Amino acid sequence: MNLKKSNKKLIIKYLSVITLSFISPSVFGQIFSTAQNPLSVKWNYISSGGFKIIYPEELEKEAQRMANTLPYIYTRIGLGLRQQKTTIPLLLQNRGTVANGFVQLGPRKSEFYATPPQFFDSQDWLNNLAVHELRHIAQFDKLTGTQIHPFPELVYFAYFGAGIPTWFFEGDAVVNETALTYSGRGRQPNWIMPYRASILEGKKFSYSKAYFGSNKDVTPGYYQTGYLMVANMKEKYGQFISDSLLGDIRKRPVRPYPFSKSLKKYTRKNTREYFLATQNKLAEKWKIQEEKSASENYESLNKKTSLSTNYFLPIRINKDQILALKESKTDARYFVLINKDKTEQKLFGIGYQEQPWFSLKNDLLIWDEIRYDPRYKQRSYSVICSYNLKTKKFNKLSSKSRLFSPSLSEDGKKLLQPKLNSTISST
């Protein structure tokens, strides 16, 4: 009897689930960010040319500028993908100290982190973000249309991640920011320098190593790999090659790794073959340039490492020692003393820095660190810390501040650093 009752309940549960699956209103999950802004932030919005710009009220001036800029430049940014109109909410964030921006689906939106980086190019930061991120919007529009049908956004988002390599999305956007502005990362020699140096030393990488990185070697990131490959595509096949690739993927999505097959259709090379051809072409070009310019070999002052390692901002503190910031695949950033015999002495580790920086005068060492609000993750600070090499004492010189790249005066008694307020003006 009890067995019959339990079976009856089980049947009712299954029937209920099946019935509700067909008659319930559509409910789709979305990517939810737990990073919140303080509750005190007052928000406004402006609708302009398909963009709904949501912003803190103190960014009124910048929001108005973006409202006039974004609809105007989107027609030029989307031209190579034959996209002229879009509809998307765009959120301006100003409580953080890390420069960034992104576009996503599920929900469809873009966010601009308005704090500019300390080392970038010479153009306005929000303008640069607009040119780069609007290209991502055009890419999504090309693949899905402005209205997501017939699948929910998360399905498309997962498909893009599995079927289209990240280097193509980012490389196409960097080519765009370089071509449509007077600056852009493609014009910065130091951005390509690590990869170029490796090639000129005779090192060549496999496609997977260049794309996914290496613990042993310094490899180009997927931004650099993508920029070089997409720039080569546009040079050989014209400005609409990205449109052709994404259009073909949209027409024939049900294929394993569709990007490689679409690439082979238009270039007669799959992804791996195209990367190797691009690498060989660059090697020849860079070797010719090297032969035309005088170069000099320098002695290495640090020991050879078994893992990919960076020594940032080396400075000689006496005739036998060099101070630097060291970072490797196994160690977070820390200060190190390099002795004359190439042995090393670790001093201490430091907190997260978006970009490496320190200043040293009269045995006083200062640097900046990023600190996050434990409650409101959208709010972060850049604080100044110090260490005295003689007394071995640490000191935190600021709290809940937005101070960057501190520099000491020659006598070590005065401190100079840019300060950023919530309206994104620096002093």
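What you are looking at is a predicted structure, and each value in this text was computed from that prediction instead of being measured. Values below: all heavy atoms of this structure, side chains included; hydrogens, waters and symmetry mates excluded.
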* Below 4.5 Å, heavy atoms only, C-beta onward: do Ile192 and Leu228 meet side chain to side chain? -> yes
* Asked: Could you go step by step and tell me if Tyr387 and Phe348 meet the ring pair (Phe, Tyr, Trp, His ring centres under 6.0 Å) rule?
  -> CA-CA 10 Å; Tyr387 176 76; Phe348 55 88; 4.6 Å; yes
* Could you grab the distance from atom CZ of Phe335 to atom NZ of Lys346, nearest 0.5 Å is fine? => 12.5 Å
* Taking 4.0 angstrom as the limit, do Lys377 and Asp373 come out as a salt bridge? -> no
* How are the rings of Trp357 and Phe119 set to each other: parallel, tilted or perpendicular (split at 30° and 60°)? -> tilted
* Nearest 0.5 Å please: distance from the NE2 atom of His136 over to the CG atom of Leu134. => 10.5 Å
* To do: State whether the side chain of Ser382 and the backbone N or O of Leu403 hold a donor-acceptor pair below 3.5 Å, judged by distance alone.
  => yes
* Distance (rounded to the nearest 0.5 Å) between Arg268 CZ and Glu273 CD -> 12.5 Å
* Asked: Passes salt bridge (Lys or Arg N to Asp or Glu O under 4.0 Å), Glu133 versus Arg135? Steps please.
  -> CA-CA 5 Å; Glu133 301 303 335; Arg135 183 64 172 191; over 6 Å; no
* To do: Step through the shown structure and confirm whether more than 12 heavy atoms of other residues, nucleotides or ligands are within 6.0 Å of NZ on Lys61.
  => no
* To do: Go through the side-chain N and O atoms of Gln224 and Arg185 and say whether any donor and acceptor fall under 3.5 Å apart.
  => no
* Structure fact -> Tightest non-hydrogen contact, residues Ser386 and Ile366, listed as CB-CG2, 3.7 Å
* Run the numbers on Thr166 and Glu170 for side chain to side chain contact (heavy atoms under 4.5 Å, CB included), then give the verdict. => CA-CA 6 Å; Thr166 307; Glu170 297 299 350; 4.1 Å; yes
* Asked: Can you name the residues that form a salt bridge (charged side-chain N to carboxylate O under 4.0 Å, His left out) with Glu354, not counting sequence neighbours?
  -> none
* Asked: Does the ring of Tyr72 carry Arg76 above it, NZ/CZ under 6.0 angstrom from centre and within 45° of its axis?
  -> yes
* Does Leu276 offer a backbone N or O that forms a donor-acceptor pair with the side chain of Asn280 under 3.5 Å? -> yes
* To do: Side-chain contact test, heavy atoms from C-beta onward, threshold under 4.5 Å: evaluate it for Phe160 versus Leu105 and give yes or no.
  => yes
* For Arg272, look at atom CZ and say whether over 12 heavy atoms of other residues, nucleotides or ligands are found less than 6.0 Å away. => no
* Between Glu60 and Tyr55, is any side-chain donor less than 3.5 angstrom from a side-chain acceptor? -> yes
* Phe212 ring center within less than 6.0 Å of Trp167 ring center -> no
* Verify the neighbour count for atom NZ of Lys216: are there more than 12 heavy atoms of other residues, nucleotides or ligands below 6.0 Å? => no
* Below 4.0 angstrom, N of the basic side chain to O of the carboxylate: do Asp124 and Arg65 qualify? -> yes
* Asked: Could you give the distance from CG (Leu325) to CD1 (Ile350), rounded to the nearest 0.5 Å?
  -> 5.0 Å
* Determine which pairs satisfy side-chain hydrogen bond (donor to acceptor under 3.5 Å, both in side chains) with at least one residue from residues 289-298, sequence neighbours left out, and list them in order. => Arg196-Gln289
* To do: Ignoring hydrogens and angles, state whether a donor on the side chain of Asp368 or Gln353 is under 3.5 Å from an acceptor on the partner side chain.
  => yes
* Any side-chain donor near an acceptor of the partner, Thr86 and Arg108, under 3.5 Å -> yes
* To do: Would you sort out whether Asp141 and Gln139 count as a side chain to side chain contact (heavy atoms under 4.5 Å, CB included), showing the intermediate values?
  => CA-CA 5 Å; Asp141 287 349; Gln139 292 165 350; over 6 Å; no
* Answer yes or no: does atom NZ of Lys209 have more than 12 heavy-atom neighbours from other residues, nucleotides or ligands under 6.0 Å? => yes
* To do: Let me see the working for Arg255 and Asp248 under salt bridge (Lys or Arg N to Asp or Glu O under 4.0 Å), right down to the final yes or no.
  => CA-CA 11 Å; Arg255 295 175 294 171; Asp248 188 62; 3.6 Å; yes
* Check ion pair Lys42-Glu58 (N to O, under 4.0 angstrom) -> no
* Judged by modelled atom types alone, do Asn270 and Ser260 share a side-chain donor-acceptor pair under 3.5 Å? -> no
* Asked: Will you find, in the side chains of Ser308 and Asp217, an N or O donor that is under 3.5 Å from an N or O acceptor?
  -> no
* Asked: Does Arg402 count as lying over the ring of Tyr381, i.e. NZ or CZ under 6.0 Å from the six-ring centre, within 45 degrees of the axis?
  -> no
* Give a yes or no answer on whether the side chain of Trp286 reaches the backbone of Lys281 with a donor-acceptor pair at less than 3.5 Å. => no
* For the residue pair Phe312 and Glu327, establish whether any side-chain heavy-atom pair is separated by less than 4.5 Å. => yes
* Asked: Can you tell if the side chain of Ile53 reaches within under 4.5 Å of the side chain of Leu92, non-hydrogen atoms only?
  -> yes
* With distance as the sole criterion, is a donor-acceptor pair present between the side chains of Gln123 and Asn128 under 3.5 Å? -> yes
* **Leu347 side chain near Leu323 side chain, heavy-atom distance below 4.5 Å** => yes
* Asked: With no hydrogens and no angle check, do the side chains of Thr97 and Arg379 hold a donor and an acceptor under 3.5 Å apart?
  -> no
* Asked: Does Leu307 offer a backbone N or O that forms a donor-acceptor pair with the side chain of Thr309 under 3.5 Å?
  -> yes
* **Distance in Å, Phe169 CZ paired with Phe140 CZ, rounded so as to fall on 0.5 Å steps** => 5.5 Å
* Approximate separation, where rounding is to 0.5 Å, of Glu111 CD and Leu129 CG -> 11.5 Å
* Asked: Does one side chain, of Gln83 or Asp243, offer a donor that lies under 3.5 Å from an acceptor on the other?
  -> no
* **Check: Ser328 side chain, Asp331 main-chain N or O, donor-acceptor pair, under 3.5 Å** => yes
* Asked: Do any N or O atoms from the side chain of Ser244 and from the backbone of Phe240 form a donor-acceptor pair under 3.5 angstrom?
  -> yes
* Asked: Can you find a pair of side-chain heavy atoms, one from Asn127 and one from Thr181, that are under 4.5 Å apart?
  -> no
* State, without any angle test, whether Tyr195 and Gln279 hold a side-chain donor-acceptor pair at a distance under 3.5 Å. => yes
* Any side-chain heavy-atom pair of Thr115 and Gln93 under 4.5 Å -> no
* **side chain to side chain contact (heavy atoms under 4.5 Å, CB included) between Ser242 and Lys142, worked out** => CA-CA 10 Å; Ser242 294; Lys142 181 66 183 180; over 6 Å; no
* To do: Could you tell me if the ring centre of Phe404 sits under 6.0 Å from that of Trp367?
  => no
* Asked: Please walk me through it: do Leu200 and Ser198 pass side chain to side chain contact (heavy atoms under 4.5 Å, CB included)?
  -> CA-CA 6 Å; Leu200 293 177; Ser198 295; over 6 Å; no
* **Cation-pi, Tyr334 ring and Lys326 (6.0 angstrom, 45 degrees)** => no
* Asked: Going by the angle between their ring planes, with limits at 30° and 60°, are Phe259 and Phe168 parallel, tilted or perpendicular?
  -> tilted
* Asked: Is the backbone N or O of Asn37 less than 3.5 Å from a side-chain atom of Gln378, with the two atoms forming a donor-acceptor pair by type?
  -> no
* Asked: Between Asp411 and Lys361, is there a side-chain N and carboxylate O pair less than 4.0 Å apart?
  -> no
* Side-chain heavy-atom pair Leu408, Lys414 within 4.5 angstrom cut-off -> no
